[in-house]
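Structure, as structure tokens:
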Amino acid sequence: MSVLLYRIGRFAYGRPWRVIAAWAAAVCAVVALLVANPVKLSNEVRIDGTPAQRVIDDLATSLPEASGGQGMLVFRAPDGGRVDGAGSRAALVAAVDAVYRHDHVVDARKVLAGELAKGPKSPLTQARAAVAQAAGRPTGKAPVALLEAGRPVPGVVVSADGSTALMQFQFDEQTYELPAGTVDSLVRAAEQHAGKAHLDVLPSAVMMEMPEIIGAGEVVGVVVAAVVLLITLGSVVAAGLPLAVAATGVAVGVGGTFALSSVFEIHSLTAVLALMLGLAVGIDYALFVISRQRRLMLDGGLDAHEAAARAIGTAGSAVFFAGSTVVIALAGLLVVGITLLSTMALAAAATIALAVLLALTLLPALLGLVEERICPARARRAAQRRATAAAPTRATAWGAGLVRHKYPALAAAFLVPLVLALPAAGMKLGLPSGAGYNPDTVQRQSYEAVGRAFGPGYNGPLMVVARSTDGERPLTPQALAAVAADLKGTKGATAVSLAGMNASGTMAVLGLVPDDGPNDDGTKDLVGSVRAKSAAMSATHGVTTGVTGFTALAIDVSDRLADALPVYLATVLGLSLLVLLLVFRSVVIPVMATVGFLLSIAAALGATSGVGCSPCSGWTPPHR
């Protein structure tokens with residue numbers, strides 16, 4: 001491997017324009033494909049194969065107005081005030097009206113008004129009354145409806161102390177599929193009216209939009225990387241090479257992903273991940289080779305050509321191995337069986353492979369153009385001073401100390417990761433909720449305000465879809481009332497209400513509020529219990545049920561990832577071990593590397609769990 005890479009590096013350095021022309025042709029080919037096939041990115045987030053996704057698909061067919069994403073806004077009064085007080089009620093009602101009138105929001109008032117116009121013939125009105133009677137009053141901090149002209153405002157409840165109002169509504173599309181800026185525009189519209197009464201408007205974390213492919217964070221990251229490279233290498237030319245290599249890799253990798261979007265469904269998150277990883281590893285791998293070449297020139301006295309070839313032969317082997325393991329780790333995500341993750345993993349893996357290929361071919365070609373200028377005069381003078389002083393560097397002294405005290409160092413290398421890994425025994429998998437946001441964000445403030453005023457379960461309401469067993473006979477109010485009573489009687493349930501019904505009356509959507517928060521075990525148990533009751537409800541009431549919503553979908557994803565984690569680790573470990581065996585042609589080194597990988601993974605998971613085990617998170621060590 002080293003000999004082959006040495007020859008590649010020497011060839012690319014000696015004939016730089018041929019290599020550069022080949023990569024320029026690749027970039028031009030990608031650009032031509034993009035011109036011929038415009039980019040068609042998707043924002044749809046599907047978790048195929050999960051129970052929650054199946055219910056969403058069923059809703060999209062039978063009750064499309066209820067298949068969109070969930071929205072939640074919190075209105076909070078100043079200290080000691082009431083959101084429904086004499087000076088605040090009008091502003092609150094106006095803010096609610098602005099939300100319902102906003103684009104892509106389903107106006108529950110119109111739906112309810114249409115049903116009320118039908119009078120006693122409305123199946124929704126009859127079912128709503130029956131469900132309300134069967135469900136009874138919510139347990140815990142029971143909220144009350146917001147009244148306008150003596151009538152309740154749909155979707156809005158006020159806390160028992162009057163300090164907080166919670167508005168829950170439905171988008172006509174899943175939140176990730178909404179046009180960019182929809183959520184921000186909606187919040188601003190609500191703030192415009194609520195601000196007249198000094199009410200805070202806090203959007204929930206469930207209303208997340210897709211991030212921009214190239215945002216301020218990426219631009220700042222590239223600028224910071226350029227500054228660090230300039231300080232480290234001491235030369236504009238040397239600092240520019242890693243950036244040029246990374247930019248080429250991103251252009252070909254991400255551009256190729258965009259070009260395939262006309263053939264395959266490519267999610268916008270796929271491009272974001274490929275871009276971030278492509279920039280990171282492209283700079284890293286190029287810097288690794290350049291640093292090795294400079295050391296060979298400064299310390300070994302080699303000319304730039306020979307030093308570049310040897311750097312590709314030595315550091316290039318490490319780059320090849322590192323890139324291979326990253327590709328294996330990304331490709332291993334295919335075992336999870338989630339289409340979105342699989343697409344993201346393949347695009348990112350291709351971008352990493354390109355970064356490796358560029359570091360081994362384009363980089364030595366660019367070094368061939370730079371030649372001896374890769375080492376500025378200041379770096380050469382510093383190297384001469386170090387050689388004259390003959391004093392060991394800190395890194396050399398550290399390495400020598402580890403060799404002298406190899407047994408204590410080896411014990412520490414095992415014990416420290418094992419100690420860090422201890423909290424992983426109580427690790428809980430789950431997608432982020434409002435509780436994981438920074439305390440300064442409105443999402444975290446919204447989560448905490450809802451928990452204090454209504455109870456933690458209102459941060460993660462569930463959608464229970466009830467359908468007539470035969471699919472054609474309408475659901476009777478008595479059957480829905482029985483279903484509501486069963487749901488309310490399930491351990492971990494706080495409140496049940498009827499949210500909607502299709503025109504034929506064969507399908508209804510009930511809102512189920514858990515006792516616990518979205519990521520608590522109690523909510524997960526509640527979802528499992530409701531699903532387990534479906535067969536009994538079908539036999540007893542003639543109604544089949546399914547659970548969906550943001551919280552249920554997050555639980556399903558967490559379960560899928562937890563089930564796939566052992567298989568994923570085994571796959572990555574096995575393939576990485578094979579690559580190590582081929583590269584080093586040894587057994588001891590691959591085994592040591594694999595053990596180190598396991599220790600680092602365990603320590604990382606344990607440290608992550610330990611950081612999240614503050615008293616506010618409710619983590620406690622597992623009991624045996």
Side-chain angles (χ1 to χ4, degrees), residues 1-32 229 233 235-253 255-256 278-279 281-327 349-376 379-380 579-580 582-585:
M1 174 66 71
S2 297
V3 175
L4 175 62
L5 293 179
Y6 172 84
R7 291 174 179 173
I8 292 174
R10 192 165 187 84
F11 171 84
Y13 189 101
R15 298 170 177 81
W17 290 114
R18 294 186 184 182
V19 178
I20 294 173
W23 280 109
V27 173
C28 292
V30 170
V31 172
L229 288 171
L233 300 176
S235 166
V236 175
V237 174
L241 294 183
L243 294 175
V245 171
T248 305
V250 167
V252 178
L279 286 174
V281 301
I283 294 174
D284 186 33
Y285 293 164
L287 181 60
F288 196 18
V289 173
I290 291 174
S291 298
R292 181 60 177 164
Q293 184 207 22
R294 284 161 55 96
R295 290 269 61 83
L296 290 171
M297 293 175 64
L298 296 175
D299 299 339
L302 299 179
D303 62 84
H305 193 164
E306 180 64 20
R310 292 194 186 185
I312 295 296
T314 52
S317 298
V319 167
F320 177 81
F321 167 70
S324 300
T325 55
V326 175
V327 169
T351 305
I352 298 300
L354 282 170
V356 173
L357 191 58
L358 283 161
L360 300 179
T361 56
L362 179 61
L363 179 59
L366 294 176
L367 291 172
L369 297 180
V370 175
E371 295 181 336
E372 301 294 333
R373 288 173 294 169
I374 193 65
C375 287
R380 296 178 186 274
V579 172
L580 280 167
L582 292 174
V583 171
F584 291 99
R585 297 181 182 181

Can you check whether Ala304's main-chain N or O pairs, donor with acceptor, with Glu371's side chain at less than 3.5 Å? no

Any Leu363 side-chain heavy atom under 4.5 Å of Leu358 side chain: no

Are the side chain of Thr351 and the backbone of Gly278 linked by a donor-acceptor contact shorter than 3.5 Å? no

Can you tell me how far the CD1 atom of Ile290 sits from the CG atom of Leu241, to the nearest 0.5 Å? 4.5 Å

Between Ala355 and Val281, which heavy-atom pair has the shortest distance, and what is it? CB-CG2, 3.7 Å

Separation between CZ (Arg15) and CD1 (Ile20), nearest 0.5 Å, reads 14.0 Å

Does Arg10, at its CZ atom, have more than 12 non-hydrogen atoms belonging to other residues, nucleotides or ligands within less than 6.0 Å? yes

Of Val19, Leu5, Ile312, Ile8, the one forming a side-chain contact (heavy atoms from CB on, under 4.5 Å) with Pro364 is Ile312

Could you measure the distance from the CZ atom of Arg294 to the CG atom of Leu287? Nearest 0.5 Å is fine. 9.5 Å

With side chains defined as the heavy atoms from C-beta onward, is the minimum distance between Ser2 and Thr314 less than 4.5 Å? no

Test item: Trp17 and Leu369 side chains (from C-beta on) under 4.5 Å apart, heavy atoms: yes

Contact between Leu366 and Trp23 at the side-chain level, heavy atoms closer than 4.5 Å - yes or no? no

So how far is it from Ile283 CD1 to Leu243 CG, rounded to the nearest 0.5 Å? 5.0 Å

For residues Tyr285 and Ala359, report the shortest heavy-atom separation together with the two atoms involved. CB-CB, 4.0 Å

Verdict with reasoning, Ile374 to Met297, per side-chain contact (heavy atoms from CB on, under 4.5 Å): CA-CA 10 Å; Ile374 193 65; Met297 293 175 64; 3.6 Å; yes

What heavy-atom pair brings Ser317 and Gly313 nearest, and what distance separates the two atoms? OG-O, 2.9 Å

Restricting to non-hydrogen atoms, name the atom on Gly255 and the atom on Val30 that form the minimum distance, rounded to 0.1 Å. C-CG1, 3.4 Å

Checking the side chain of Ser291 only, and the main-chain atoms of Phe288 only, is there a donor and an acceptor separated by less than 3.5 Å? no

In terms of heavy-atom contacts, Ala308 and Leu367 come closest through CB-CD1, 4.2 Å

Is the number of heavy atoms from other residues, nucleotides or ligands within 6.0 Å of CZ (Phe321) greater than 12? yes

Do Arg310 and Gln293 have side-chain heavy atoms sitting under 4.5 Å apart? no

Of all heavy-atom pairs linking Leu360 and Gly316, the shortest is CD2-CA, 3.7 Å

Under a 3.5 Å cutoff, is there a donor and acceptor pairing between the side chains of Tyr6 and Glu306? yes

